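Structure, as structure tokens:
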Amino acid sequence: MSLRIALLGTGQVGRALLARLDARTDLALVHVANTRWTQGAFEDATVVIDATASDAVAARHADWLGRGLHVVTANKLGQGADLARWQAIEAACSASGARYGDSATVGAGLPLLRSLRALRDGGDAIHGVAGVLSGSLAWLLGAYDGEQPFSALVRRAQAAGFMEPDPRVDLSGEDVRRKLLILVRAAGIALEANEVALEGVTTPRLLAATTPGDIEHALPSLDAGMRDRFHAAQARNTRLHLVARWDASGARVGLEALSNDDPLAGGQGTDNRVALHSARYALRPLVIQGPGAGADITAAALLDDVLTIRNTTALQRSASIRAGASEKKLSIDCGRLIA
Ligand SMILES: NC(=O)c1ccc[n+]([C@@H]2O[C@H](COP(=O)([O-])OP(=O)(O)OC[C@H]3O[C@@H](n4cnc5c(N)ncnc54)[C@H](O)[C@@H]3O)[C@@H](O)[C@H]2O)c1
Ligand SMILES: N[C@@H](CCO)C(=O)O
């Protein structure tokens, strides 16, 4: 039976997903909605795809899962916000058996969460996570040369589809905090959001802006500070990177000046680069790197999760049919033995 999909959000990611769904005859789209319009019947869906950045939508994830609906999400506010919300999602999956597809939430589908969970399933213990987890900040800080206004680059990153609907979520490091929380919680640690120290790229004027127009006008307030920080780092033969770290000593997200041979300084463009430290990888960490932002790769990750749900639920169905058949055969055999 094909999965019946409700898609929430038709922005950059949602539209890229619609283009991919259009090419598939094995998945049925039964409902699409954004903030302005809605089409089709949500009640007909068996899987909800959250391609919004909405807290209100993320707050519904656990409820949908509890009712047996699968949820696939690019929205990090399900597992990367309140600890209680993450715990409710975990509990709802266990209770109902519904699946939560979250590949798109960290690294835009890079095999980060998948690898971390595979290590844990194999009995490994994760001791630390360190990495560059913002595609947009990696792109911005890689392209910035201390000459052109930083704000002009921010506008280019927005146009390229790398940034959150509110660019301050990326610039402040909040988007990376959410990703770090998702990774650390997937490692089995109940980390609270306020346990992650945060130091991003902001100014009081930018933080005080209340409308998209105000935010746009406040972006140049970043320029002087970024120019000074860039030149200070350059004078020490280093470059700025937005780095997330968690280990036994704590968790933080902040700008760090790294030399070019630092293990976290590699990659280019929107590349994320994440080092997983574990009992198995004690001498040198497992490092995963690749493009970590962009509407199309994010849509591909959402579709991957939908197909994984379809394939695993189909496998479970045929396994239970096989189990039923073998139980029946066993009782017939037993009957013959008794006779
Ligand atoms: N752009 C990327 O590279 C990338 C990568 C990974 C994850 N994500 C995540 O994907 C999500 C979407 O990002 P985007 O760049 O497409 O944003 P966007 O602003 O372009 O689109 C957001 C969409 O959500 C809709 N929406 C908001 N609230 C809604 C609600 N209550 N019900 C239904 N629709 C609602 C909006 O109308 C809009 O269509 C975000 O959570 C983002 O963090 C983006
Ligand atoms: N805005 C996010 C998109 C991917 O989650 C980033 O820059 O990494």
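Remember, it's 1-based here, ligands and their atoms both numbered in the order they're listed. These figures come from a predicted structure and were not determined experimentally. When reading the values below, keep in mind they use all heavy atoms of this one structure, side chains included, and skip hydrogens, waters and symmetry mates.
Close N/O approach between Ala108 and ligand 1 is not found [any backbone or side-chain N/O within under 3.5 Å]. Geometrically, ligand 2 and Ala293 share no nitrogen or oxygen pair separated by less than 3.5 Å. When only interatomic distances are considered, the shortest N/O to N/O separation between Gly294 and ligand 1 falls below 3.5 Å. At under 3.5 Å, not a single nitrogen or oxygen of Met163, backbone or side chain, sits near a nitrogen or oxygen of ligand 2. For ligand 2, one of its N or O atoms has an N or O atom of Asp170 under 3.5 Å away. For ligand 1, none of its N or O atoms has an N or O atom of Ala104 under 3.5 Å away. For ligand 1, none of its N or O atoms has an N or O atom of Asp175 under 3.5 Å away.
Of all the atoms in ligand 2, the ones that sit under 4.0 Å from a non-hydrogen atom of Ser134 are 7 (O), 8 (O). Applying the 4.0 Å criterion to heavy atoms of Gly292 picks out, from ligand 2, the atoms 4 (C), 8 (O). Those atoms of ligand 2 with a heavy atom of Glu164 less than 4.0 angstrom away are 1 (N), 2 (C), 3 (C). Taking every heavy atom of Lys179 and a limit of under 4.0 angstrom, the matching atoms of ligand 2 come to 2 (C), 4 (C), 5 (O), 6 (C), 8 (O). Taking a cut-off of under 4.0 Å to the non-hydrogen atoms of Ala293, the atoms of ligand 1 that pass are 3 (O). Taking every heavy atom of Asp175 and a limit of under 4.0 angstrom, the matching atoms of ligand 2 come to 2 (C), 6 (C), 8 (O). For ligand 1, the atoms sitting less than 4.0 Å from at least one non-hydrogen atom of Glu164 are 40 (C), 42 (C), 43 (O), numbered in the order shown with element in parentheses. The atoms of ligand 1 that sit less than 4.0 Å from any heavy atom of Ala53 are 40 (C), 41 (O). Close contacts between ligand 1 and Ser54 involve ligand atoms 28 (N), 31 (N) [criterion: under 4.0 Å to a heavy atom]. Counting atoms of ligand 2 from 1 in the listed order, those under 4.0 Å from a heavy atom of Gly135 are 6 (C), 7 (O), 8 (O). Within the listing of ligand 1, atoms 33 (C), 34 (N) sit less than 4.0 angstrom from a heavy atom of Ala33. Listed by number with element, the atoms of ligand 1 under 4.0 angstrom from any heavy atom of Val57 are 30 (C), 31 (N), 32 (N).
Sparse packing is recorded around CZ of Arg156, with 12 or fewer heavy atoms of other residues, nucleotides or ligands lying under 6.0 Å away. Within a 6.0 Å radius of CG in Asn194, more than 12 heavy atoms belonging to other residues, nucleotides or ligands are found. Annotation: Gln148, atom CD; neighbour count of heavy atoms from other residues, nucleotides and ligands within 6.0 Å is above 12.
Here the shortest heavy-atom distance to atom 17 (O) of ligand 1, taken over Gly292, Ser136, Pro291, Pro165, belongs to Pro165. The residue from Thr52, Leu8, Thr10 that puts a heavy atom closest to atom 26 (N) of ligand 1 is Thr52.
Ionic pairing of Asp305 and Arg99 is not present here: no N-O contact between side-chain nitrogen and carboxylate oxygen is shorter than 4.0 angstrom. A salt bridge does not link Arg227 with Asp145: none of the charged nitrogens is closer than 4.0 Å to a carboxylate oxygen. Asp63 has a carboxylate O that lies under 4.0 Å from a charged side-chain N of Arg60, or vice versa, which qualifies the two as a salt bridge. A salt bridge links Arg245 with Glu256: the closest approach of a Lys/Arg side-chain nitrogen to an acidic carboxylate oxygen falls below 4.0 angstrom.
At the top of the distance list for atom 25 (C) of ligand 1, counting protein heavy atoms only, stands Gly9 CA, 3.7 Å. Remark: minimum distance from atom 12 (C) of ligand 1 to any protein heavy atom is reached at Ala51 O, 3.3 Å. At the shortest separation from atom 5 (C) of ligand 1 among protein heavy atoms lies Thr298 OG1, 2.9 Å. The shortest contact between atom 5 (O) of ligand 2 and any protein heavy atom is with Lys76 NZ, 2.8 Å. For atom 28 (N) of ligand 1, the nearest non-hydrogen atom of the protein is Thr35 CG2, 3.4 Å. Protein heavy atom nearest atom 7 (O) of ligand 2, with residue, atom name and distance: Ser136 OG, 2.6 Å. If you check which protein heavy atom lies closest to atom 38 (C) of ligand 1, you get Gly11 N, 3.9 Å. With respect to atom 34 (N) of ligand 1, the closest heavy atom belonging to the protein is Asn34 CA, 3.2 Å. Looking only at protein heavy atoms, the nearest one to atom 9 (C) of ligand 1 is Ala74 O, 3.2 Å. Of the protein's non-hydrogen atoms, Val13 CG2, 3.9 Å is the one closest to atom 13 (O) of ligand 1.
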(message) side-chain contact (heavy atoms from CB on, under 4.5 Å), that's the test. Do Leu219 and Gln158 meet it? Break it down for me.
(response) CA-CA 12 Å; Leu219 285 176; Gln158 286 178 295; 4.2 Å; yes
(request) Starting from the C-alpha separation in whole Å, work towards a yes-or-no answer on ring pair (Phe, Tyr, Trp, His ring centres under 6.0 Å) for Trp64 and Tyr100. (result) CA-CA 10 Å; Trp64 290 326; Tyr100 194 67; over 10 Å; no
(request) Please step through side-chain contact (heavy atoms from CB on, under 4.5 Å) for the pair Gln87 and Arg185, ending with a clear verdict. (result) CA-CA 9 Å; Gln87 286 165 334; Arg185 289 169 179 175; over 6 Å; no
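Contacts between Ala108 and ligand 2 below 4.0 angstrom, taking non-hydrogen atoms only, are absent altogether.
If you run side-chain contact (heavy atoms from CB on, under 4.5 Å) between Thr10 and each of Thr35, Val32, Leu17, only Val32 comes through. Between Ser136 and the choices Leu171, Asp170, Asp175, Leu242, the side-chain contact (heavy atoms from CB on, under 4.5 Å) rule is met once, by Asp170. Checking each of Ile189, Val253, Leu181 against Trp246 for a side-chain contact (heavy atoms from CB on, under 4.5 Å) leaves exactly one that passes, namely Ile189.
Not one N or O on the side chain of Asp82 forms a donor-acceptor pair closer than 3.5 Å with the backbone of Ala84. Not one N or O on the side chain of Asp223 forms a donor-acceptor pair closer than 3.5 Å with the backbone of Pro149. A donor-acceptor contact shorter than 3.5 Å is absent between the side chain of Asn272 and the backbone of Gly131. Judged by distance alone, the side chain of Asn311 and the main-chain N or O of Leu307 form a donor-acceptor pair under 3.5 Å.
Between Phe150 and Tyr144, the ring-plane angle classifies as perpendicular under the 30° and 60° cut-offs.
Atom CG of Leu8 and atom CG of Asp50 lie 6.0 Å apart (nearest 0.5 Å).
At least one heavy atom of Gly161 lies less than 4.0 angstrom from ligand 1.
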